[in-house]
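Everything below concerns the one structure shown next.
First the proteins, then the strands, lettered A, B, ... as listed; each starts at 1. The model shown is predicted, which means the values in this text are computed figures rather than measured ones.
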Number of protein chains: 2
Amino acid sequence: MSKPEVTTTKLDDAARAGWLYYVAGNTQDEIAAKLGISRQSAQRMVSLAVSEGLVKVTLDHPIARCLDLAARLKERFGLKMAEVVPTDPGSNSTTLGVAEAAAAEMTRWLKSEAPIVLGIGTGRTLKAAIEQLSPIECPQHKVVSLTGNISPDGSAAYYNVIFNIADKIKARSFPMPLPVIASSPEERELLHAQAMIRPVLELSARANVAFLGIGDLGDEAPLFLDGFISRDELVALQRIGAVFEIIGRAFDRNGVPIVGLTNDRVASAQIPSRETATVIATAMGSRKTPGIAAAIKGNLINGLITDEHTAEMLLSGK
Amino acid sequence: MSKPEVTTTKLDDAARAGWLYYVAGNTQDEIAAKLGISRQSAQRMVSLAVSEGLVKVTLDHPIARCLDLAARLKERFGLKMAEVVPTDPGSNSTTLGVAEAAAAEMTRWLKSEAPIVLGIGTGRTLKAAIEQLSPIECPQHKVVSLTGNISPDGSAAYYNVIFNIADKIKARSFPMPLPVIASSPEERELLHAQAMIRPVLELSARANVAFLGIGDLGDEAPLFLDGFISRDELVALQRIGAVFEIIGRAFDRNGVPIVGLTNDRVASAQIPSRETATVIATAMGSRKTPGIAAAIKGNLINGLITDEHTAEMLLSGK
DNA sequence: CCGTTGTGTGAGTATTTGCCCAACAGACAA
DNA sequence: TTGTCTGTTGGGCAAATACTCACACAACGG
């Protein structure tokens, strides 16, 4: 009893310090005096509050340029939704900003009273987005993973985020206890036929909204880095013209699925229908730009969360 | 054309600087370098973004103590909703925290798809709350003022906030072009009978939710300070046992309306029904505590947004 | 034309903050 | 008991930030 109490008290104190700092506008010295601790401790509390994600900063000024780019993306590519966040010129992070924006967009969906089915892909961007997500209770919704969650080595795939999100939002979750890429087409069929998998696949087809990452298939392809495909397989995909993958499935520069190769063994669900669902890709960065462009061209997605620079590249026809 | 563009650009830049600072985590030096301005200018941009309210900080840790107090308030006083924010021990602000919380609660209501009627009172706390409100477009809703918006000197009452909120949320607004307190009971009847006033009064009775301030009737009563009642009138109210007012109407320590005196001339609408509407008071501070307690006792409100210290006072029976 | 006023700028400076480090307390095994 | 490990504390200091001031410049009115 004392153990959990201590932990809650600690985060409580951190929240209180954070509140005094950010909302009440106290300096750390004042907080220290008020809470009867040293300034350093106050500083630690505040920074704990920040690092624990208790403190959320949002900017609600619509930066004209970003809005404009978003509107042009929607117009030009016939997207249902588009969101553009500012680019930090110096940073080479591939999630900075889009993660926050994706979390905000998810929250908007989750706020819905009516039960929705939320499809979720995988990848670093989504992982970062989920981390930004504020816990909200929405037991009415269902979250379904669109990819397997087993790494080639048998461990849980690190960038599979279904558990994280389900935990945050207290919704029923439907993971896919499968490898991302099966060892053979036959094995994939076998796996998909399993009694515990079929309902998940069916649910994924009924998703109202899906958030997906886009992975490039360059020499540093995440799919390769994470060990889902071998270098030989990657090279073979590149040779045949694959430029990006979504939930493990490779596509060419026109957004047309690659025939054969690893695609025959990808155990992921299908991307939900763009007719009935909002399929949102969250991706930014020059490495992913060709992939995003291709995904749009192939009508694989109808929503996009990206940054200014990427948006410009996409619009310039690049 | 160039003029508005300049202004938007300025806030845009401020937002961008704020974004780089708070979201991207740059230092002001880095921002200065990236935007090609001096560090001081970068600092100015960031602080502009803050002071313009572009930057919103929220803490989403449920501070156990506050939750507990809120639950006890609801339980003890049979409230539909209660929210308790931390107290800043050193500050004597009467809005710090509750303004933000009230804005958040308003936002929750406004997010509703179904059209709602939002009644709004007056006062410093509400004014501060509206300033915290993020602009959202909700043309489906209606906002109705529960009090007149004319000062005794004929100017628009400063703490009447109906215009501010209508502007922020782009909803249809229904102000009451009336003095807060008429010069005689007869004049009040006459005013209320006007063709442009009657629909507003009817609308106010149909409010789904109302946000009200609670004004104390001590020697520094806001109603007196703002010139709506004279010192003699205030003293008379105090003599007869009035301890607080809501939208100009005075009540005693049991929440029972004062009979006669200024109450005969108060031109405000009735407080919406506690049966059909959520009537939320936003108030904190020791000066207002007796008034809050009385408002609860008299069943004038069924929702409360206050701070820790006030919540404790209320619960201690004080 | 000149003064006034308001706005924006950079320099300088005081305050505030982030972080490293040494000290220290409690847990636990030897 | 002692040593060690882990986690927490506060001092000190460099970096970062907020604020004040003087000045430049454009707009405005006399």
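Between B:D29 atom CG and C:dT17 atom P there is a gap of 17 Å when expressed in whole angstrom units. A straight line from CD of A:E30 to P of D:dA18 spans 14 Å, rounded to a whole angstrom. C:dG18 atom C1' lies 15 Å from atom CG of A:L48, rounded to whole Å. Between the CD1 atom of B:I31 and the C1' atom of D:dA15 there is a distance of 15 Å, rounded to whole Å. Distance CE (B:M45) to C1' (C:dT7): 12 Å, rounded to an integer number of Å.
A salt bridge does not link B:R287 to B:D219: none of the charged nitrogens lies less than 4.0 Å from a carboxylate oxygen. Between A:R16 and B:D88, no side-chain nitrogen of the basic residue sits less than 4.0 Å from a carboxylate oxygen of the acidic one, so the salt-bridge criterion is not met.
Using a 4.0 Å heavy-atom criterion, one finds that A:Q40 contacts the bases of the nucleic acid, with or without backbone contacts as well.
A donor-acceptor contact under 3.5 Å links the side chain of A:R39 to the base of C:dG18.
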Could you spell out the base pairing of DNA chain C as a dot-bracket line? Use Watson-Crick and G-U wobble contacts where both distances are under 3.5 Å, [ ] for crossing pairs, | for partners on a different strand.
||||||||||||||||||||||||||||||

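Side-chain N/O atoms of B:S38 include one lying less than 4.0 angstrom from OP1 or OP2 on C:dG10. Between B:Y21 and D:dA16 there is no side-chain polar atom (N or O) within less than 4.0 angstrom of OP1 or OP2. In this model, the phosphate group of D:dG10 is approached by a side-chain N or O of A:S41 to a distance below 4.0 Å at OP1 or OP2. For D:dA18, the OP1/OP2 oxygens have a side-chain nitrogen or oxygen of B:Q43 closer than 4.0 Å. Contact between the side-chain N/O atoms of B:Q28 and the OP1/OP2 oxygens of D:dA18 is found at a separation under 4.0 Å.
For A:Q43, there are no side chain to side chain donor-acceptor pair (under 3.5 Å) partners, not counting sequence neighbours.
Among all heavy-atom pairs drawn from A:M81 and A:K74, the shortest one is CA-CD, 3.9 Å. Taking all atoms of both residues into account, the shortest heavy-atom contact from B:A283 to B:K288 is CB-CD, 3.9 Å.
Residue A:R44 places its side chain closer to D:dG10 than to any other of D:dA18, D:dG10, C:dT17.
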Name the atoms and distances for all side-chain donor-acceptor pairs under 3.5 Å in residues 96-107 of chain A, with sequence neighbours left out.
residue	atom	partner	partner atom	Å
A:E100	OE1	A:G97	N	2.9
A:E105	OE1	A:R108	NE	3.1
A:E105	OE1	A:R108	NH2	2.8
A:E105	OE2	A:W109	NE1	3.0
A:T107	OG1	A:A103	O	2.8

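Residue A:M284 holds its CE atom at 7.0 Å from OG1 of A:T306, rounded to the nearest 0.5 Å.
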